Amino acid sequence: MNDNLYAQLAARFARTPDAVCLELENGSRYSYADLERETARYANLLVSLGLERGDRVAVQVEKSAQVMFLYLGCLRAGLVYLPLNTAYQEGEVAYFVSDAEPKAAVCRPETRSWFARVPQLFELDASGRGSIAEAAASQPAQFDTAASAADDLASIIYTSGTTGRSKGAIVTHRNLVSNALTLHEYWRFRAGDVLLHALPLFHVHGLFVALHTALLNASRIILLPRFDARQTLRYLPQATVFMGVPTYYVRLLAQPGLTRELCAPMRLFVSGSAPLLTETFNDFRKRTGHTILERYGMTETGMNTSNPYEGERRGGTVGFPLPGIDVRVVNDANGRLPAGEIGHIQVRGPNVLPGYWRLPEKTKEEFTADGFFRTGDMGLFDADGYLSIVGRSKDLVISGGYNVYAVIGQHVY
């Protein structure tokens with residue numbers, strides 16, 4: 001069996017080649033057969049440049065259908081996808097390029113000079129036009145997806161660097177496939193689901209969680225270039241699944257058009273990347289009749305826990321450990337703590353990264369002797385098994401004899 005993530009996705013959506021895969025704001029549509037052809041063109045282009053299995057491809061561009069084709073094309077070719085936040089500036093990009101040593105890069109036209117050290121350099125603008133799209137258009141539309149082992153590297157995602165230099169989290173095909181399959185089942189994806197995609201495509205939430213679950217389901221994906229509350233309301237009646245960060249829900253609640261009637265076709269609202277205030281959780285349920293499903297993940301682990309699809313979704317918590325994933329709360333000596341006591345959150349499972357790029361000592365430091373990853377987050381389980389996160393261990397302040405934790409770091413997705 002080919003453990004390449006693309007092969008796993010294609011095994012599902014290949015059954016419905018004529019189904020709509022992508023729908024864009026301008027009305028353009030791509031079928032799943034189109035997706036197969038377009039990703040083949042990008043894979044062929046990258047291989048024609050002399051890139052070999054394991055080579056890195058750095059990408060810092062705005063959201064478009066073409067960047068999605070590029071990402072999947074990288075996977076098909078056995079290359080390593082390196083997405084960079086569009087907010088990163090020249091100095092940060094210089095560090096990532098120096099550290100990851102990509103053989104190719106795709107950037108916005110205005111930032112071309114930032115990637116001058118990369119051997120193969122292409123451009124892509126917000127409309128999906130540029131030298132990479134032009135070069136791919138002339139390539140063959142067939143490509144035999146590279147045979148990848150489960151432990152082969154699929155992506156490098158740099159952490160937010162809240163405590164020093166960003167670290168490159170190495171993500172394998174096993175990490176991505178296991179998480180996608182688990183979430184697809186846990187969140188009850190079904191025939192006819194339509195994903196309204198308003199998240200960026202440069203981090204875990206939008207690139208991995210949203211895309212992979214939808215592609216596994218051969219769903220139609222309404223790909224919005226960015227989140228806009230009014231625009232989102234226009235598309236909600238056409239969708240069944242929406243994934244967002246807490247601020248998205250706050251902005252939706254500020255729109256008078258957000259009603260039960262508008263949200264009637266929706267099946268699932270998911271929130272992550274930051275804590276969802278209980279007030280927002282309750283207000284959204286009152287306005288729409290839908291209970292937001294909050295979950296917890298990280299750059300290094302993908303998704304770890306989720307509130308249940310069926311059963312109580314408890315505000316202020318991130319639910320239960322996902323199937324196949326061990327989550328524990330421990331004291332400083334790695335001893336498990338009982339319900340109600342705050343401690344260090346540690347995670348073990350097929351979703352957890354094998355380590356950090358070229359940082360063997362840091363990798364060793366972040367894992368316990370029995371294989372649990374130290375998340376750096378502090379939390380507690382309640383008596384019913386729901387996990388709550390209270391902050392970061394490095395942000396602990398003792399005030400008046402009490403432990404006080406700052407807001408969760410940005411590395412949480």
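Side chains included, hydrogens not; waters and symmetry mates left out as well; all remaining heavy atoms used. Bear in mind the structure is a predicted one, so any value in this text is a computation, not a measurement.
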**Student:** Output all residues satisfying ring-ring contact (aromatic ring centres under 6.0 Å, His included) with Y356, sequence neighbours left out; order by chain, then residue number.
**Tutor:**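 Partners of Y356 by the ring-ring contact (aromatic ring centres under 6.0 Å, His included) criterion come out as none, since no residue qualifies.
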**Student:** Compare all side-chain heavy atoms of L268 with those of W187 and state whether any distance is below 4.5 angstrom.
**Tutor:** yes
**Student:** Y42: what forms a ring-ring contact (aromatic ring centres under 6.0 Å, His included) with it, not counting sequence neighbours?
**Tutor:** none
**Student:** Sorted by first residue and then second, give each salt bridge (Lys or Arg N to Asp or Glu O under 4.0 Å) pair with at least one member in residues 111-133; sequence neighbours left out.
**Tutor:**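 Non-adjacent pairs meeting salt bridge (Lys or Arg N to Asp or Glu O under 4.0 Å): R112-E123.
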**Student:** Under the side-chain hydrogen bond (donor to acceptor under 3.5 Å, both in side chains) test, which residues partner D326, sequence neighbours left out?
**Tutor:** R348
**Student:** Is it the case that D34 and S31 place a side-chain donor and acceptor less than 3.5 Å from each other?
**Tutor:** yes
**Student:** Do S306 and Y186 touch side chain to side chain, with heavy atoms closer than 4.5 Å?
**Tutor:** yes
**Student:** Test of understanding: with side-chain hydrogen bond (donor to acceptor under 3.5 Å, both in side chains), list the residues that count as partners of T368, not counting sequence neighbours.
**Tutor:**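 Applying side-chain hydrogen bond (donor to acceptor under 3.5 Å, both in side chains) to T368 gives D370.
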**Student:** Are any of the side-chain nitrogens in E23 or R29 under 4.0 Å away from the carboxylate oxygens of its partner?
**Tutor:**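 A salt bridge links E23 with R29.
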**Student:** Hey, could you give me each pair passing side-chain hydrogen bond (donor to acceptor under 3.5 Å, both in side chains) that has a residue in residues 233-257? Not counting sequence neighbours.
**Tutor:** D193-T240
**Student:** Less than 4.5 Å apart, any side-chain heavy atom of R56 and any of L79?
**Tutor:**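 With C-beta onward as the side chain, the pair stays apart.
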**Student:** Which residues satisfy the side-chain hydrogen bond (donor to acceptor under 3.5 Å, both in side chains) test with T39, sequence neighbours excluded?
**Tutor:** Y6, R76
**Student:** From L51 CG over to K103 NZ, what is the distance, rounded to the nearest 0.5 angstrom?
**Tutor:**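 The NZ atom of K103 is 7.0 Å from CG of L51, to the nearest 0.5 Å.
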**Student:** Is R188 salt-bridged to E310, going by a charged N under 4.0 Å from an acidic O?
**Tutor:** yes
**Student:** Does any part of the side chain of E312, heavy atoms only, come nearer than 4.5 Å to the side chain of D384, both counted from C-beta?
**Tutor:** no
**Student:** Not counting sequence neighbours, list each pair that qualifies as a salt bridge (Lys or Arg N to Asp or Glu O under 4.0 Å) and has a residue in residues 275-286.
**Tutor:** none
**Student:** Do D3 and R174 sit within salt-bridge range, that is, some charged N less than 4.0 Å from a carboxylate O?
**Tutor:** no
**Student:** Would you call E62 and R108 a salt bridge, using N to O less than 4.0 angstrom?
**Tutor:** yes
**Student:** List for me each residue that meets side-chain hydrogen bond (donor to acceptor under 3.5 Å, both in side chains) alongside T213, sequence neighbours excluded, and say none if there are none.
**Tutor:**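 side-chain hydrogen bond (donor to acceptor under 3.5 Å, both in side chains) list for T213, sorted by chain: empty.
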**Student:** With a 4.5 Å heavy-atom cut-off, do V59 and V67 have their side chains touching?
**Tutor:** yes
**Student:** Could you pull out every donor-acceptor pair under 3.5 Å between side chains of residues 88-96 and any protein atom, sequence neighbours left out?
**Tutor:**
{"from": "Q89", "atom 1": "NE2", "to": "A87", "atom 2": "O", "distance (Å)": "3.0"}
{"from": "E92", "atom 1": "OE1", "to": "Q89", "atom 2": "N", "distance (Å)": "2.7"}
{"from": "Y95", "atom 1": "OH", "to": "S166", "atom 2": "O", "distance (Å)": "2.9"}

**Student:** Is I389 close to I345 at the side-chain level, that is, under 4.5 Å between some pair of heavy atoms?
**Tutor:** yes
**Student:** Under the ring-ring contact (aromatic ring centres under 6.0 Å, His included) rule, collect the residues that match up with F143, sequence neighbours excluded.
**Tutor:** none
**Student:** Answer yes or no for R267 and F269: cation-pi contact, defined as NZ/CZ to six-membered ring centre under 6.0 Å and angle to ring axis within 45°.
**Tutor:** no
**Student:** Side-chain contact, heavy-atom cut-off 4.5 Å: Y81 with V171?
**Tutor:**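 No, their side chains stay 4.5 Å or more apart.
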**Student:** Quick one: is the NZ or CZ of R328 closer than 6.0 Å to the six-membered ring centre of F372, and within 45° of its axis?
**Tutor:**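 Ring-cation test returns yes.
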**Student:** Less than 4.0 angstrom from a charged side-chain N to a carboxylate O is my criterion; do R358 and E101 meet it?
**Tutor:** yes
**Student:** F189: what forms a ring-ring contact (aromatic ring centres under 6.0 Å, His included) with it, not counting sequence neighbours?
**Tutor:** H184
**Student:** With heavy-atom distances below 4.5 Å as the criterion, would you say the side chains of Y386 and P308 are in contact?
**Tutor:** yes
**Student:** Can a donor-acceptor pair be found between the side chains of Y158 and D99 at a distance below 3.5 Å?
**Tutor:** yes
